[in-house]
Amino acid sequence: MLHFWCIMTNHEVARLLRNIAAAYILQNENRFKIIAYQNAADSIEHLSANIEDLGRSGKLKNIPGIGSSIASHLDELFTTGKSRHFESVLKQIAPAVFPLLDLPGFGAKKAAKLVTALKLNRASEAIKDLYNAAKLGKIASIPDFGEKSQQDILEAILRFQKQGQKEKRMALPLAHTLAMEIVDYLKSSPFVLKIETLGSLRRMVATIGDIDLAVATKNPEAVLDHFVSYPKFGKLIERGSGGASIILGGGQHVDLRVIKPPAWGSMLQYFTGSKSHNIRLREFALKKGLSLNEYGIKNLKTKKLMEFASEDEFYRYLGLSLIPPQIREDRGEIEAALKGRLPQLVSLSNIRGDLQIHSSYDLHPSHDLGKNSMEEIVAKAKSLGYEYIAFSEHNPSVSKHSIQQIIDIMKRRKDKIEQIKESTKSVRILNLLEIDINTTGELALPEEAFDYIDAALVSIHSSFNQSKDQMTKRVLSGLSHPKAKILAHPTGRLINEREGISLDFSQIFDHAQKNNKAIEINSYPNRLDLPDILVIEAKKYGIKFTLGTDSHDISGMDLMKYGVSVARRGWLAPDDIWNTKSYNEIYKWLTNN
DNA sequence: GCCGTTTTCGGCCCGACTGTTTTCAGTCG
């Protein structure tokens, strides 16, 4: 099969479709056609799978927002390297328009007006040329522009250029921890009646831009005064009657919104989003003659606006059950709520044990040891109310030991674990090991050493850049060992640091389902892996999951809630997760070879 | 151009903010 070495990323394809939309705007095309292209671009940007891979397997039309027309153009683009239709559309527009679309506050019309008026004809230098024109005061005299907009354009360009070194989105656990500190602080004000996170933070998305909070109060000014006295306060951005924005000392942006209690529910619903959930919900409401906005629900006939003090009442008024924030992503949740078929999502209280923990027991591992002893971990597990935990240190280094040495190390470790089991009756112990899958697909543990563990988690820790075919074979091979029961942090992604490996997940999930293997949801702060969208995919195969904190010290064991939030975003119920089951059930599964 | 609990035709979310155009278009979330 013909293969193009340089495949397009989802971001690049999305960008191309946004350029097409911009071109259509300038050609006064049907505005819904324009929206369709923008929707398709959004949809592609949020995909977990690579768009070109989906194209190769003929699944483009499965992507929401992509129908037969766009699918056929993309198909042509992927197989021949170009789309005649896209090229002919883009050809109509001055090339310098497109780079300007990246500037904040710029849309197609503003960009095109400037390109024409200033005769910008070098696409690669468009932003620079625009900047120089603004500096020379050439923009203020263009019709529809003035002194203010000229100044705004200068600032927009500077902001855009600075964006390169801008803070990346925060991993959820960091944002959540910061938010909870602020929430605790705000609660010390007697005027705070209710407080909640908003936006992606409330939905527990894996990465967070700004920290958004809301407070219900009868005295907004007092609450805002309290907010801007926060000890970690860095800089005030703005303050109005409805809220304030600040930057913390660490550079994180925090927005607080204040509202009277009777309108709390509608406000919370509106600002929790997601945007696509809200759009779908408004379409749904419209069919009932109702219009939704941040203040409440308006009856289009009577023009009367109903306020809602709680989200529960808001959703109920629409004939829906309350949809948990984590699944408000327009992935079928409204239809499910309508039919009363929302899943009973797993919660932290359902979790009876932690299935990935690294102790400081030194088996000369291939990767890092934990910091706390097995005894300290057991004590921590007790304080968390767990029924069981798993020790899952990394396998002993292969290169530094002989096979016999490894066997001896594993034997001694088993003795140690047996000894801990003797002394601790309240917390049951599982003897697991996290084993590397080598580049060839072999597990980095001699066969005889498997006798000294109950079962293994297997994972990729090297050669992350193998081709998708190689990597898929590698993982399937590793997972095929009878003692390999869990595929740990399956994509290997590190948020803000490393993209995940490329893997054919349909094969992995299929294999896992047929062979009773579990897929891990790893709670480690910058992993949160398997990512939520793939969890939804995996669940369709009917496979089970395990949750593990991947703790390397006992404070890490507190982070299970983030794994739970990934599971909730993946629509998982307790029954989908092994750690909600009893020790006996898990032990039976793990040791049933 | 997409999509389907009333529809394969005829719809397609909502409001805030901004600047400049005195009545609105463009952009954003």
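Throughout, protein chains are lettered first and strands after them, A, B, ... in sequence-line order, and every chain is numbered starting at 1.
Minimum atom distance to the side chain of Ser69(A) is reached by dC2(B), of the listed dC12(B), dT20(B), dC2(B). You'll find that the side chain of Lys275(A) is closest to dG29(B), out of dG1(B), dC12(B), dG29(B). The side chain of Glu294(A) has dA16(B) as its nearest neighbour among dT20(B), dG1(B), dA16(B). Distance from the side chain of Glu283(A) is smallest to dC12(B) among dC2(B), dC12(B), dG15(B).
Between Lys275(A) and Asp42(A) there is no salt bridge, since no side-chain nitrogen of the basic residue lies less than 4.0 Å from a carboxylate oxygen of the acidic one.
Under the ring pair (Phe, Tyr, Trp, His ring centres under 6.0 Å) criterion, no residue pair touches residues 249-297 of chain A, with sequence neighbours excluded.
No engagement by Leu281(A) is indicated, since no non-hydrogen atom pair under 4.0 Å with the nucleic acid exists. Phe271(A) comes within 4.0 angstrom of nothing in the nucleic acid, heavy atoms only. Heavy atoms of Asn30(A) sit under 4.0 angstrom from at least one base atom. Contacts of Ile70(A) with the nucleic acid, taken as non-hydrogen atoms under 4.0 Å apart, involve only primed sugar atoms and P, OP1 or OP2. Nucleic acid contact for Ala108(A): sugar-phosphate only, since backbone atoms but no base atoms lie under 4.0 Å from a heavy atom of the residue.
Atom CG of Leu286(A) and atom P of dC14(B) are 5 Å apart (whole Å). Taking atom CG on Asn62(A) and atom P on dC2(B), their separation rounds to 14 Å, with Å as the unit. Remark: P of dT18(B) and CD of Gln151(A) are 16 Å apart, rounded to the nearest angstrom. Look at CZ on Arg31(A): it is 12 Å from P on dG26(B), rounded to the nearest Å. Taking atom CZ on Arg257(A) and atom C1' on dA16(B), their separation rounds to 10 Å, with Å as the unit. Distance CG (Leu60(A)) to P (dG1(B)): 15 Å, rounded to an integer number of Å. Separating the CG atom of Leu292(A) from the C1' atom of dG29(B) is a distance of 16 Å, rounded to the nearest angstrom. The interatomic distance linking Leu17(A) (CG) with dG1(B) (P) rounds to 12 Å, in whole Å.
Evaluation of the side-chain hydrogen bond (donor to acceptor under 3.5 Å, both in side chains) rule for Glu221(A) yields Arg239(A) as partners, not counting sequence neighbours. Thr272(A) pairs by the side-chain hydrogen bond (donor to acceptor under 3.5 Å, both in side chains) definition with Arg202(A), not counting sequence neighbours. Ser43(A) meets the side-chain hydrogen bond (donor to acceptor under 3.5 Å, both in side chains) test with no other residue; sequence neighbours excluded. Taking the salt bridge (charged side-chain N to carboxylate O under 4.0 Å, His left out) definition, one finds that Asp255(A) meets it with nothing, sequence neighbours left out. Applying the side-chain hydrogen bond (donor to acceptor under 3.5 Å, both in side chains) rule to Ser506(A) yields the partners Asp504(A); only residues at least two apart in sequence or on another chain are considered. Among residues two or more places apart in sequence or in another chain, the salt bridge (charged side-chain N to carboxylate O under 4.0 Å, His left out) test is passed with Arg316(A) by Asp312(A).
With both ends at atom C1', the span from dT20(B) to dG26(B) equals 12 Å, rounded to whole Å. Spacing of P atoms, dG15(B) relative to dG10(B), comes out at 27 Å, to the nearest Å. Here, dG1(B) and dT6(B) have their C1' atoms 22 Å apart, quoted to the whole Å. Between the C1' atoms of dC12(B) and dT8(B), the separation comes to 16 Å (whole Å). Spacing between dC14(B) and dC9(B) at atom P, rounded to whole Å, works out to 26 Å.
In terms of position along DNA chain B, the nucleotide closest to Leu290(A) lies nearer the 5' end than the nucleotide closest to the other residue of the pair Asp144(A) and Leu290(A). In this structure, Ile279(A) and Phe145(A) both approach DNA chain B, and ranking their closest nucleotides by distance from the 5' end singles out Ile279(A).
Relative ring orientation between His226(A) and Tyr185(A) is described as parallel, the plane-to-plane angle staying below 30° on a 0-90° scale split at 30° and 60°.
One finds no side-chain N or O of Lys110(A) lying less than 4.0 angstrom from the OP1 or OP2 phosphate oxygen of dG26(B). Phosphate contact (OP1/OP2 of dA16(B), side-chain N/O of Tyr270(A), threshold under 4.0 Å): absent. OP1 or OP2 of dG15(B) has at least one side-chain nitrogen or oxygen of Asn293(A) nearer than 4.0 Å.
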TODO: Show your reasoning for whether side-chain contact (heavy atoms from CB on, under 4.5 Å) applies to Leu236(A) and Ile247(A).
DONE: CA-CA 6 Å; Leu236(A) 179 68; Ile247(A) 293 180; over 6 Å; no
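Listed for the Asn526(A) side chain is no donor-acceptor partner under 3.5 Å among the backbone atoms of Leu494(A). Using a distance-only test at 3.5 Å, with no hydrogens or angles considered, a donor-acceptor pair links the side chain of Ser274(A) to the main chain of Arg328(A).
Pairing for dT8(B) is absent, with no Watson-Crick or G-U wobble pair whose two atom distances lie under 3.5 Å.
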Taking N or O atoms only and anything under 3.5 Å, show me the protein contacts with nucleotides 22-24 of chain B, one pair per line.
none

Contact list (N/O, under 3.5 angstrom) for nucleotides 3-11 of chain B vs protein:
unit_1	atom_1	unit_2	atom_2	d
dC3(B)	OP1	Gly65(A)	N	2.7

